[in-house]
Amino acid sequence: MRLGPRFHAAFFARSCLEVAPELVGATLIHRLADGVRLVGRIVEVEAYLGDGSDPASHSHRGKTLRNSVMFGPPGHLYAYRSYGIHTCANVVCKPRGQSAAVLFRALEPLEGVVRMRELRGLAPDAPAHAIASGPGRLTQALGVTLEHNGESLLRGALDLRRPAPGDPRLEVDTSPRIGIRRGVELPYRFTARGHPCLSRLRK
DNA sequence: CATAGGATTATCT
DNA sequence: GATAATCCTATGC
């Protein structure tokens, strides 16, 4: 398949509330060492602000060893461990020194689907919507680990691309974020309308 | 279909 | 020592 154009760092050097909805429909790629390319279309993201107004953000209480990448250059990967088991992946927003991020929550598998099922430990006939619908599932399916924390998403093995010509234009819905205890009411979750690969389907 | 509970560990208090 | 931006399985409608 043909990939869309790259993002420039400037795209991410602004509010994650602007960046997040524009990432719905973009593609996330991981080129594995053996040449296999894992590609998915982003259908669900969440924004986490860094200006102190967002109590659910990891950077809400300032810079720590874990969240230090959030304060680094925009367009890089912030990966962290969740509930001791899962890895979650974000793209850093705002210029260096400020902290904000967009969490990748669900992908529609596009290429390397057989490998994704293997990485997830799923049966060969497992449906596409079970592969990367959820932040932990997404990183497992794409082979993204904590070792990728801090890597650029603008070039290299991990690669974020704009939609390619001919890709579907997705309608974006807004809703409250999932699985958090603070800032529960803030509408910072952005989803592709009616898409089967969302982590939680519409009613 | 919906909900509840356990798993499991890095990070911070 | 408690918490956590979750997932899977089991159980009950």
Side-chain angles (χ1 to χ4, degrees), chain A residues 12 15-17 19-21 23-24 28 40 42-72 74 76-94 98-109 116-150 153 160 173-192 194 196-203:
Chain A
F12 299 101
S15 169
C16 57
L17 289 177
V19 172
L23 288 179
V24 174
L28 183 58
I42 296 167
V43 296
E44 176 177 347
V45 297
E46 285 176 0
Y48 288 87
L49 278 61
D51 59 6
S53 69
D54 183 358
S57 174
H58 281 181
S59 65
H60 183 237
R61 294 184 165 216
K63 190 173 179 177
T64 66
L65 188 58
R66 174 176 68 162
N67 68 22
S68 61
V69 169
M70 290 182 79
F71 293 81
H76 285 236
L77 179 79
Y78 168 47
Y80 67 91
R81 186 158 295 279
S82 176
Y83 287 83
I85 314 172
H86 307 289
T87 302
C88 295
N90 305 248
V91 58
V92 173
C93 295
K94 300 289 255 184
Q98 300 179 57
S99 66
V102 175
L103 170 69
F104 301 121
R105 285 195 54 93
L107 298 180
E108 173 190 351
M116 290 187 197
R117 286 199 186 85
E118 288 175 8
L119 286 164
R120 286 268 293 116
L122 297 174
D125 61 348
H129 65 73
I131 294 176
S133 56
R137 295 170 170 185
L138 183 155
T139 55
Q140 193 179 21
L142 238 50
V144 173
T145 69
L146 292 179
E147 295 186 359
H148 295 102
N149 188 36
L153 288 170
L160 197 52
D173 290 321
T174 304
S175 58
R177 295 173 292 185
I178 306 282
I180 55 174
R181 306 181 68 134
R182 286 176 284 227
V184 180
E185 72 291 347
L186 299 171
Y188 296 166
R189 177 179 181 240
F190 303 95
T191 54
C197 295
L198 300 181
S199 68
R200 296 197 186 174
L201 297 173
R202 59 177 181 161
K203 285 187 179 179

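Order of the sequence lines fixes the chain letters, A, B, ..., with proteins taken first and strands second; residue numbering starts at 1 for each chain. All values below were derived from every heavy atom in this structure, side-chain atoms included, with hydrogens, water molecules and symmetry-related copies excluded. Note that this is a predicted model, so its numbers are computed, not measured.
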- What's the CG-C1' distance between A:L186 and C:dA5, to the nearest Å? 13 Å
- Among the nucleotides B:dT11, B:dT8, C:dA5, which one has an atom lying closest to any side-chain atom of A:M70? C:dA5
- Message: Heavy atoms only, 4.0 Å cut-off, all strands: where does A:R177 land among base, sugar-phosphate and nothing?
- Response: nothing
- Item | Nucleotide C:dC7, atom C1' - distance to CD1 of A:I180 in whole Å | 18 Å
- Nearest-nucleotide check on DNA chain C, A:R181 vs A:Q140; residue mapping nearer the 5' end is A:R181
- Task: Rounded to the nearest angstrom, tell me the gap between atom CZ in A:R66 and atom P in C:dT3.
- Result: 15 Å
- Side-chain contact check for A:R182: nearest option of C:dA4, C:dT6, B:dT13 is C:dA4
- Message: Would you compute the distance between atom OG of A:S175 and atom CD of A:E44 and round it to the nearest 0.5 angstrom?
- Response: 7.5 Å
- Does the side chain of A:R61 get closer than 4.0 angstrom to OP1 or OP2 of B:dT11 through an N or O atom? no
- Query: For A:Y83 and B:dA7, are the ring centres under 5.5 Å apart with planes inclined under 30°?
  - Reply: no
- Query: Does A:G84 or A:T64 map to a spot on DNA chain B nearer the 5' end, using the closest nucleotide for each?
  - Reply: A:G84
- If pairing requires Watson-Crick or G-U wobble contacts with both distances under 3.5 Å, which nucleotide is the partner of C:dG1? B:dC12
- Message: Checking the side chain of A:R117 only, and the main-chain atoms of A:G121 only, is there a donor and an acceptor separated by less than 3.5 Å?
- Response: no
- OP1 or OP2 of C:dC7 less than 4.0 angstrom from a side-chain nitrogen or oxygen of A:R120, does that happen here? no
- dist A:C16:SG -> A:Q98:CD (nearest 0.5 Å) comes out at 11.0 Å
- Query: A:R137 CZ to C:dT9 C1': how many Å, rounded?
  - Reply: 12 Å
- Any donor and acceptor pair, going by atom type alone, linking the side chain of A:N90 with main-chain N or O of A:A101 inside 3.5 Å? no
- Task: Would you mind reading off the distance between A:I178 atom CD1 and C:dC7 atom P, rounded to a whole angstrom?
- Result: 10 Å
- Message: Just by distance, no angles: are the side chains of A:S59 and A:S99 close enough, under 3.5 Å, to form a donor-acceptor pair?
- Response: yes
- Item | Residue closer to the 5' end of DNA chain B, A:L146 versus A:I85 (nearest nucleotide) | A:I85
- Query: Nearest of B:dC12, C:dA5, B:dA10 to any side-chain atom of A:R81?
  - Reply: B:dA10
- Message: Rounded to the nearest 0.5 Å, what separates atom CD1 in A:I42 from atom CG in A:L160?
- Response: 5.0 Å
- To the nearest angstrom, how far is A:E44 atom CD from C:dT6 atom P? 11 Å
- Between the base of B:dA10 and the side chain of A:Y80, is there any donor-acceptor pair under 3.5 Å? no
- Message: OP1 or OP2 of C:dC7 versus the side-chain N and O atoms of A:H86: is any pair under 4.0 Å?
- Response: no
- To the nearest angstrom, the CD1-P distance between A:I131 and C:dC7 comes to 15 Å
- Message: Without decimals, in angstroms, what is the distance between A:Y78 OH and C:dA4 P?
- Response: 14 Å
